[in-house]
Amino acid sequence: MPVILAGLLVTLAVLGGTGAVIASKNASPSAGSDKLGPKKNYAALPQMTFTLGGGDARLVDVKVLLEVDPLVDGKVAEPYVPRITDQLSDKMRQIDPQQLAGADGAKLMKSTIASVLDREMRNVRVREILLDRLVVH
């Protein structure tokens, strides 16, 4: 009788361990994807070139990525590009080239772009504005 009882306990331990290993393998992929958060969705604006204000005729090339809701089509900004470009052109003429130097320049550019997007793309929620390219020449 003790041999049968010991065999039964060993069998139950092996089954329990196997079940725990299988359960942990099934739970790992979903737990890992939750840590990464939802997939980010970007709408790209085309590269744009603007004339800056100030005494000398300096140009700025800028390429912008807009982080939008994951359920929104990545081409959501395309119909707005002509109006965005026109408004940004007006705003860029008010910026002196020295204002775009360093980290403060990137902040100024992002806030300028944000003000135009708030006006032109009211029905699209933009989570983040990323400067893919910003070159003053």
Side-chain angles (χ1 to χ4, degrees):
M1 184 75 162
V3 173
I4 294 174
L5 187 58
L8 182 61
L9 287 175
V10 169
T11 303
L12 287 175
V14 169
L15 287 175
T18 305
V21 168
I22 291 172
S24 69
K25 284 184 181 180
N26 288 339
S28 293
S30 65
S33 63
D34 289 344
K35 291 178 184 177
L36 297 177
K39 183 180 176 185
K40 295 186 178 188
N41 187 22
Y42 296 101
L45 296 179
Q47 182 169 325
M48 300 171 278
T49 302
F50 302 108
T51 302
L52 295 172
D56 52 346
R58 304 269 314 258
L59 300 175
V60 63
D61 294 332
V62 64
K63 179 146 177 56
V64 178
L65 294 175
L66 308 174
E67 183 184 339
V68 294
D69 288 331
L71 302 177
V72 174
D73 182 23
K75 298 182 183 220
V76 70
E78 286 181 7
Y80 302 99
V81 168
R83 293 191 326 221
I84 291 170
T85 304
D86 184 49
Q87 291 295 316
L88 277 176
S89 179
D90 290 343
K91 297 267 187 187
M92 290 296 125
R93 283 190 211 110
Q94 299 170 7
I95 296 176
D96 194 66
Q98 286 77 26
Q99 291 177 291
L100 295 179
D104 289 337
K107 288 179 187 177
L108 174 62
M109 183 61 79
K110 283 184 177 186
S111 68
T112 303
I113 293 168
S115 69
V116 170
L117 294 178
D118 286 343
R119 181 175 177 175
E120 299 300 330
M121 294 178 55
R122 291 181 190 214
N123 60 342
V124 179
R125 182 173 173 255
V126 176
R127 293 182 174 181
E128 184 71 35
I129 297 170
L130 304 168
L131 297 175
D132 189 31
R133 178 181 166 96
L134 176 62
V135 179
V136 178
H137 50 99

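Treat the numbers as computed from the prediction; the structure is a model and nothing was measured.
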A.B. asks: Please tell me if the side chains of Val60 and Thr49 come closer than 4.5 Å, counting only heavy atoms from C-beta onward.
C.D. replies: no
A.B. asks: Around atom CZ of Arg119, are there more than 12 heavy atoms from other residues, nucleotides or ligands closer than 6.0 Å?
C.D. replies: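 At most 12 heavy atoms, drawn from other residues, nucleotides or ligands, come within 6.0 Å of this atom.
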A.B. asks: Going by heavy atoms in the side chains, are Arg125 and Val72 under 4.5 Å from each other?
C.D. replies: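 They are not in contact (no side-chain heavy atoms under 4.5 Å apart), so the answer is no.
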A.B. asks: What pair of heavy atoms forms the shortest contact from Leu65 to Ala44, and how long is it?
C.D. replies: CD2-CB, 3.6 Å
A.B. asks: Examine Val62 and Leu59 and state if one hydrophobic cluster contains both, with Ile, Leu, Val, Met, Phe, Trp and Tyr joined whenever side-chain heavy atoms are less than 4.5 Å apart.
C.D. replies: no
A.B. asks: Output, in order, the C-alpha distance, side-chain angles, deciding distance and verdict of side-chain contact (heavy atoms from CB on, under 4.5 Å) for Ile129 and Leu66.
C.D. replies: CA-CA 5 Å; Ile129 297 170; Leu66 308 174; 4.1 Å; yes
A.B. asks: For side-chain contact (heavy atoms from CB on, under 4.5 Å), just list the numbers for Leu108 and Ser111, CA-CA rounded to whole Å, side-chain angles, deciding distance to a tenth of an Å, and then say yes or no.
C.D. replies: CA-CA 5 Å; Leu108 174 62; Ser111 68; 4.2 Å; yes
A.B. asks: As an exercise, state the distance from OG1 of Thr112 to CG of Leu100, rounded to the nearest 0.5 Å.
C.D. replies: 8.0 Å
A.B. asks: Between Val81 and Met109, is there shared hydrophobic-cluster membership here, with clusters defined by ILVMFWY side-chain heavy atoms closer than 4.5 Å?
C.D. replies: yes
A.B. asks: Quick one: CE on Met92 to OG1 on Thr51, what's the gap to the nearest 0.5 Å?
C.D. replies: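 Output value for this atom pair is 11.0 Å.
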A.B. asks: Only pairs at least two apart or in different chains count here, so list each salt bridge (charged side-chain N to carboxylate O under 4.0 Å, His left out) that has a residue in residues 102-117.
C.D. replies: Lys110-Glu128
A.B. asks: To the nearest 0.5 Å, how far apart are CD in Glu78 and CG in Leu45?
C.D. replies: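 It comes to 10.0 Å.
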A.B. asks: Quick check for you: to the nearest 0.5 Å, what is the distance between Gln98 atom CD and Arg58 atom CZ?
C.D. replies: 6.5 Å
A.B. asks: Are side-chain heavy atoms of Tyr80 and Asn123 found at a separation under 4.5 Å?
C.D. replies: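 Yes, close enough: below the 4.5 Å cut-off.
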A.B. asks: For the residue pair Phe50 and Ile95, establish whether any side-chain heavy-atom pair is separated by less than 4.5 Å.
C.D. replies: no
A.B. asks: What is the minimum heavy-atom distance between Ala106 and Leu134, and which atoms define it?
C.D. replies: CA-CD2, 4.4 Å
A.B. asks: Of the non-hydrogen atoms in Pro97 and Gly53, which two are nearest, and what is the gap between them?
C.D. replies: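 That would be CD-O, 3.2 Å.
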A.B. asks: Decide whether Leu88 and Val136 are clustered together by the hydrophobic rule: side chain heavy atoms of Ile, Leu, Val, Met, Phe, Trp, Tyr closer than 4.5 Å, transitively.
C.D. replies: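 Leu88 and Val136: one cluster.
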A.B. asks: Using side-chain heavy atoms (C-beta onward) and a distance below 4.5 Å, is Met121 in contact with Ile84?
C.D. replies: yes
A.B. asks: Once rounded to the nearest 0.5 Å, what's the spacing between atom CD1 of Ile113 and atom NZ of Lys91?
C.D. replies: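 Interatomic distance, Ile113 CD1 to Lys91 NZ, rounded to 0.5 Å: 12.0 Å.
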A.B. asks: Between Arg83 (side chain) and Glu120 (backbone), is there a donor-acceptor pair under 3.5 Å?
C.D. replies: yes
A.B. asks: For Pro70, does its backbone N or O pair with a side-chain atom of Lys40 as donor and acceptor, under 3.5 Å?
C.D. replies: no
A.B. asks: Does Ser89 reach the main-chain N or O of Thr85 with its side chain, forming a donor-acceptor pair under 3.5 Å?
C.D. replies: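 No; zero donor-acceptor contacts below 3.5 Å.
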A.B. asks: Do other residues, nucleotides or ligands put more than 12 heavy atoms under 6.0 Å from the CG atom of Leu9?
C.D. replies: yes
A.B. asks: With rounding to the nearest 0.5 Å, note down the distance linking CD in Glu67 to CG in Leu130.
C.D. replies: 6.5 Å
